[in-house]
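Sequence lines set the chain letters: A, B, ... in the order given, protein chains first and strands last, and positions in each chain run from 1.
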Number of protein chains: 2
Amino acid sequence: MYGPEQGSENLRTELAHFLSETRGLNVGAEDILITKGVQMALYLTAQILLTKNDTVIVGEPGYSGANEIFEQAGAKLELVPVDDDGIDLDVVESICKKKKIRLLYVIPHHHTPTTVTLSSERRMRLLEMAKKYQFAIIEDDYDFDFQYSSSPVLPLASANYYGSVIYVGSFCKTIAPGIRIGFMVAPSNFLLQATKLRKLIDRQGEHLLEEAMANLLKNGDISRHLKKANKLYHERRDELCRLLHEHLADEVSFKVPEGGFAIWINYINKHDPVRVAENAAELGLTVSNGIDYYHDKNFKNYAVRLGFASLNTTELKDAVDLLKKAIKKCYN
Amino acid sequence: MYGPEQGSENLRTELAHFLSETRGLNVGAEDILITKGVQMALYLTAQILLTKNDTVIVGEPGYSGANEIFEQAGAKLELVPVDDDGIDLDVVESICKKKKIRLLYVIPHHHTPTTVTLSSERRMRLLEMAKKYQFAIIEDDYDFDFQYSSSPVLPLASANYYGSVIYVGSFCKTIAPGIRIGFMVAPSNFLLQATKLRKLIDRQGEHLLEEAMANLLKNGDISRHLKKANKLYHERRDELCRLLHEHLADEVSFKVPEGGFAIWINYINKHDPVRVAENAAELGLTVSNGIDYYHDKNFKNYAVRLGFASLNTTELKDAVDLLKKAIKKCYN
């Protein structure tokens, strides 16, 4: 028969434990909606909260996948710069003083694309601002579970005193991108609306897959896998950083990301990322051309993300060699 | 990695063969979008085609799940009676003469809930009307594959000369309701929009499941299963009809459905279906209370659908016995 539209109760129960243990989220099964990845959680939120010409604050650079969802719902975007501590809250506040903000979208850990982490101070200030200016926050914590250098910072949702935070996350990065299990944690009235809309869209998730995921959480397989994956990705991050320092110190600058799957590099000598990507493609290397990071298409961008998670040591070495050749070709 | 948002190419290729062989649909893989059941196909169509206050024609009684989707998209419904040959096209035409219609929703085989089949004559007339009055048709052919008494009538989409038909179907009834694989066949410009929106909503379907379904179609398992299932459901339909004739001839009237999973019965003595359902529940029998079939909640309804597909001979006998008791209790 059909399954429950809110998602498997077993999965929600196990997930509540998991979120409590890993993130300090004080939630029960009833506070969670299982979604098809973060993607659907963002879509549902946008459809419920936004009406035409509402204003949404997003980081610039940012995640174009989210920006598209907000714009499709009819919203206008306000682009706010992202520095080493995350989204710039002084700019956010100056916007709030000028106009009504409906929603702010934030990726607090390893921000896409810059990989910076929103500092604890900014998190507390952001919560206070959401209360003062009465906007909702979508906290997209899609890669919280992948942290190498230090302990992850607790989510805004763990201190959600005012009910302003919609917390979304995913197992797509834990198992495989094609395994589409994500989740939303939100105040009950909002969760009810999101569940109703989800039922209208596609009735329910993949019930068998959700039950399987519940078992993997319950028997500790996910925790063990995350431990192993973190160790491996930590090594790969360090190896890619080492290779970039050794072979491309004159060409790229970067900060070591505290977690996640990518390093945000700047082409110091202002090579066009589109040209580098074309050169790389000719050599058999896929590298981002940088055009999706900035919403403002007139912005001249010299930075791209280099993913390291799926490459072993030999592949990382080959990739950096090819990238070096691709950059050198820009001088011809 | 991620899979294709239009759905597995293998599945679309196999499905194109299947739809051509079974339904005379002259389509290729590129004409198909894989969806999460008919539900998502309807949601996508409504979101793309409808803007606030557009008019949609639906059958009355009809499928409340579809009506909800159209109303959520902002549309106004025009309710058109359904007789023994399907939706009443004289009424449809009189509406078209008075106002602009954007969309007509039709379940041509074993209409939900009445189980009637739209006649060939009406199908041709409906196509001509769609051209004349410039509306789109959603043809929801969710149980085409389950036909017992005669050959199924070819879909409107098989004669889609004017590109007005969006054809939707599903394997949810073929394997299990929880296996959410449906599909949409539509003109290419519309399919492109639907694919884009689907990507925004949840990125893609369950790729592994889609590949598995492609294999089941390719190796003939689906066809063999459908043959077996049709034989079994045919027997169950006949058995339920026999039992109703034998035990409830004074209480219910019905027409034998040509296919599908249910019989549409009328309580001849005008018992309230809500009361019958309550009595039945006390006896341990789940039977519809009839409140979802009519959009007009003031309509006094005396009909319900009895599903037979999941019950074996013994269970059918028990169910009819209990239904008889539940009806008798209405006289107390």
Side-chain angles (χ1 to χ4, degrees), chain A residues 1-5 7-8 34-48 51-52 64-74 142 170 172-173 175-182 193 196-213 286 307 309-310, chain B residues 1-5 7-8 34-48 51-52 64-74 142 170 172-173 175-182 193 196-213 286 307 309-310:
Chain A
M1 271 307 295
Y2 295 114
E5 55 261 31
S8 150
I34 304 298
T35 60
K36 276 198 69 185
V38 161
Q39 185 82 22
M40 179 182 266
L42 297 181
Y43 180 82
L44 295 173
T45 303
Q47 289 295 312
I48 292 168
T51 48
K52 203 165 154 56
S64 63
N67 293 349
E68 263 184 79
I69 288 174
F70 303 136
E71 291 193 312
Q72 198 263 352
Y142 76 104
S170 167
C172 304
K173 309 289 180 274
I175 299 186
I179 300 295
R180 311 287 303 147
I181 295 191
Q193 289 182 68
K196 271 188 190 166
L197 180 56
R198 198 264 149 90
K199 187 178 181 187
L200 213 60
I201 291 173
D202 69 352
R203 240 225 75 89
Q204 65 179 76
E206 295 299 333
H207 195 56
L208 294 175
L209 196 62
E210 291 178 7
E211 291 297 325
M213 183 63 77
T286 303
S310 65
Chain B
M1 270 310 293
Y2 294 114
E5 56 259 31
S8 148
I34 303 298
T35 60
K36 277 201 66 182
V38 161
Q39 186 80 24
M40 179 182 264
L42 297 180
Y43 180 83
L44 295 173
T45 304
Q47 290 295 313
I48 292 168
T51 48
K52 204 165 153 53
S64 62
N67 293 348
E68 264 183 79
I69 287 173
F70 302 137
E71 291 192 313
Q72 199 263 353
Y142 77 103
S170 167
C172 304
K173 308 291 181 270
I175 299 186
I179 300 294
R180 312 287 303 147
I181 295 191
Q193 288 183 68
K196 271 189 191 167
L197 179 56
R198 197 264 150 87
K199 187 177 180 188
L200 214 58
I201 291 174
D202 68 352
R203 241 225 73 93
Q204 65 178 75
E206 294 299 333
H207 195 57
L208 294 174
L209 196 63
E210 291 178 6
E211 290 297 325
M213 182 64 77
T286 302
S310 65

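- Chain B forms more heavy-atom pairs under 4.5 Å with one residue of Met40(A), Gln72(A), Arg180(A) than with any other, namely Arg180(A).
- Side-chain contact check for Lys199(A) versus Gln39(B): every heavy-atom pair is 4.5 Å or farther apart.
- Two residues are said to be in side-chain contact when any heavy atoms from C-beta on lie closer than 4.5 Å; Ile201(B) and Ile69(A) fail this criterion.
- If you measure heavy-atom distances from Leu197(A) to chain B, the contacts under 4.5 Å come from the side chain alone.
- Closest of all the heavy-atom pairs between Leu209(B) and Glu206(A) is CD2-OE1, 3.5 Å.
- For the set Arg203(B), His207(B), Gln47(B), the count of heavy-atom pairs under 4.5 angstrom toward chain A peaks at Arg203(B).
- Within the 3.5 Å criterion, the main-chain N or O of Gln204(B) finds a donor-acceptor partner in the side chain of Lys36(A).
- Interface check for chain B: of the options Leu200(A), Ile179(A), Leu44(A), the most heavy-atom pairs under 4.5 Å are formed by Leu200(A).
- At a 4.5 Å heavy-atom cutoff, the contact between Leu208(B) and chain A is made by side-chain atoms alone.
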